[in-house]
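These values consider heavy atoms only, across backbone and side chains, with no hydrogens, waters or symmetry-generated copies. The sequence lines fix the lettering, A, B, ..., with proteins before strands; numbering per chain opens at 1.
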There are 2 protein chains.
Amino acid sequence: MHISSIKTLLRESGLKVTPIRLALLNYLSKAKKPLSVEDLMQVKSLLEVDKVTLYRNLDTFVKKGIIQRLDLHRREAYFEMQHKHGHHHHIICMECGLIEDMHSCSMDIAVKNVEKKSKKFSKIIDHSMEFYGLCKKCDK
Amino acid sequence: MHISSIKTLLRESGLKVTPIRLALLNYLSKAKKPLSVEDLMQVKSLLEVDKVTLYRNLDTFVKKGIIQRLDLHRREAYFEMQHKHGHHHHIICMECGLIEDMHSCSMDIAVKNVEKKSKKFSKIIDHSMEFYGLCKKCDK
DNA sequence: ATAGATGCAAACTATTTGCATCCTC
DNA sequence: GAGGATGCAAATAGTTTGCATCTAT
């Protein structure tokens, strides 16, 4: 993602454009896997940024729908850019922690079924689905 | 679940039978929704039990496959008995926190697909799927 | 008798909050 | 200039660890 489009994204979300936010979103948008706050703190351009500022910006981005917070059954939260083409899910290696994205899974039908089957719920807004297993490396 | 079968379960798992464990599993096996440590601390028969002991026993039970730890996008962990008839999933109300179980969802096919589609993984061992929405009460 | 279970105190980790200062618009 | 962004210090929440004591087998 180009810096200019990140600036536009921030402005459209009603957020101020700051060096930290640019660096953060620049890195996140290029990342090929979900990142933890710990991961982000080690990025060169973010090395001197206070951890609290990262947390606050990530929170803000999540609320604005720019990024997504993931629950990967680890202690810490993981973040990745919000993918516009609907949901995608993850496979996490129980041995080494490797994370692979899983696109194009036909969950829409499942979601509709859940809404129908539920007795107490009337609206499904979001869903998460994660797979846990062994990557080819660790499965030996 | 009867006390006697809980005792058997513990013995078969190679665990000692203690009053705390009996009370814990007795309550968990009767619960109709996943419970947090906070929830468990308020159970009459567990009121005087140290929180640490609950954590340790829950850990042990998870490792032995007696109960399951759930990640419901909340701060704390939730626990429920391991259901033998395969996985089931949850719907969580984003407003009031109500949790409903969702049985009999045909995820097996989806899991097989994931295994096939994945480039880096060879084995899927477990999966989790949660739905977030509004319960009928909160959806007004 | 011995290994494992429990309680108490203290540590740890991720995350949040308060407040003063700084920067973007 | 004003309101939001940042840094620093400190609090919080959930969970874990160390160690001494107790209990089930």
- Query: Rounding to a whole Å, what distance do you find between B:E38:CD and D:dA13:P?
  - Reply: 10 Å
- Message: Suppose we call a contact any N or O donor and acceptor under 3.5 Å apart; does that hold for the side chain of B:K16 and the base of C:dA3?
- Response: yes
- Task: Could you give me the CA-CA distance, side-chain angles and deciding distance for A:Y132 and A:H73, then say whether ring pair (Phe, Tyr, Trp, His ring centres under 6.0 Å) is met?
- Result: CA-CA 9 Å; A:Y132 301 87; A:H73 289 199; 4.6 Å; yes
- Would you please confirm or rule out a distance under 4.0 Å between OP1 or OP2 of C:dG4 and any side-chain N or O of B:T18? no
- First of B:F79 and A:K51 reached from the 5' end of DNA chain D, by closest nucleotide: A:K51
- Item | Minimum-distance nucleotide to B:T53 side chain [options: C:dA5, C:dC25, C:dG7] | C:dG7
- Ignoring the backbone of A:D59, work out which of C:dT16, C:dA5, D:dT15 is nearest its side chain. C:dT16
- Query: Are A:E76 and A:Y78 close enough that a side-chain donor and a side-chain acceptor fall under 3.5 Å?
  - Reply: yes
- Task: Looking only at side-chain atoms of A:A77, point me to the closest of D:dA5, D:dT6, C:dT15.
- Result: C:dT15
- Item | Spacing of B:L46 atom CG relative to C:dT6 atom C1', expressed in whole Å | 13 Å
- Please step through side-chain contact (heavy atoms from CB on, under 4.5 Å) for the pair B:N26 and B:M1, ending with a clear verdict. CA-CA 7 Å; B:N26 183 46; B:M1 213 172 171; 5.7 Å; no
- Note on the structure: The answer to which of A:P19 and A:R69 contacts DNA chain C further toward the 5' end, by nearest nucleotide, is A:R69
- Task: Would you indicate, yes or no, if D:dT15 has its OP1 or OP2 atom less than 4.0 angstrom from a side-chain nitrogen or oxygen of A:R75?
- Result: no
- Query: Between A:Y55 and C:dT15, does any side-chain N or O lie under 4.0 Å from OP1 or OP2?
  - Reply: yes
- Nucleotide nearest A:R56 when distance is taken to its side chain, options D:dT16, C:dT15, D:dG7: D:dG7
- Provide, to the nearest angstrom, the distance between the CD1 atom belonging to B:I20 and the P atom belonging to D:dC22. 15 Å
- Is there a donor-acceptor pair closer than 3.5 Å between any side-chain N or O of A:K136 and the backbone N or O of B:K119? yes
- Separation of C:dA9 atom C1' from B:D50 atom CG, nearest Å, is 10 Å
- Message: Given C:dT6, C:dT16, D:dA5, identify the nucleotide with an atom nearest to the side chain of A:V52.
- Response: C:dT16
- Task: Figure out the CG/P separation between B:L54 and C:dT6, and round it to whole Å.
- Result: 9 Å
- Message: Rounded to whole Å, please give me the gap between CZ in A:F61 and P in D:dT6.
- Response: 8 Å
- Task: Give the cluster check for A:V52 versus A:I20: same hydrophobic cluster or not, with ILVMFWY residues linked at side-chain heavy-atom distances below 4.5 Å.
- Result: no
- Message: Without decimals, in angstroms, what is the distance between A:R74 CZ and D:dG14 P?
- Response: 22 Å
- Checking D:dT6, C:dC25, C:dG4 against the side chain of A:N57 (C-beta onward), the nearest is D:dT6
- Query: What is the distance, rounded to the nearest whole Å, between atom CG of B:L25 and atom P of C:dA5?
  - Reply: 13 Å
